Amino acid sequence: MAFYDSKLKSIGIPETCKVIGRMAFGNCTNLSSITIPSSIEYIGVYAFMNAEALQTCNLNNIKPTCKIRPYAFSGAYFFENATLFCDIF
């Protein structure tokens, strides 16, 4: 819950980061853009819950071994069409 309910508008996660924890950016209702680097191995449950302003989420670089927990993007409706090459469990 590192940035839970913060007023962030954009995030660039560094390559040194491996995990986006449970509810890390939950209720960040102003968050409109995020780039997730290839170093990410795990995205926790509700990580981006209710990030309703999210328009751009770059997931292109994540590895097929990245684990995305259920509801990681619950309430973030930016996906019109997405192709992911990773496990969702």
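What's counted below: heavy atoms across the whole structure, side chains too, no hydrogens, waters or symmetry copies. Numbers here simply count residues along the sequence, with the first being 1. These figures come from a predicted structure and were not determined experimentally.
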Hey, what do you get for [atom1] ([X]) to [atom2] ([Y]), rounding to the nearest 0.5 Å?
X	Y	atom1	atom2	result
I13	F25	CD1	CZ	4.5 Å
L54	K9	CG	NZ	14.5 Å
S74	F48	OG	CZ	13.0 Å
S32	E52	OG	CD	12.5 Å
K7	T29	NZ	OG1	5.0 Å

* Which heavy-atom pair separates I43 from A72 by the least distance, and what is that distance? -> CG2-CB, 3.9 Å
* To do: Search all heavy atoms of P37 against all heavy atoms of P14 and return the closest pair with its distance.
  => CG-O, 3.6 Å
* **For I40, the option from N61, I68, I20 that meets side-chain contact (heavy atoms from CB on, under 4.5 Å)** => I20
Find out whether [X] and [Y] are in side-chain contact, i.e. whether some heavy atom of one side chain is under 4.5 Å from a heavy atom of the other.
X	Y	answer
I36	C57	yes
E15	S38	yes
F3	I11	no
N27	M49	yes

* Asked: Short question: side chain of S39, backbone of K18 - any donor-acceptor pair under 3.5 Å?
  -> no
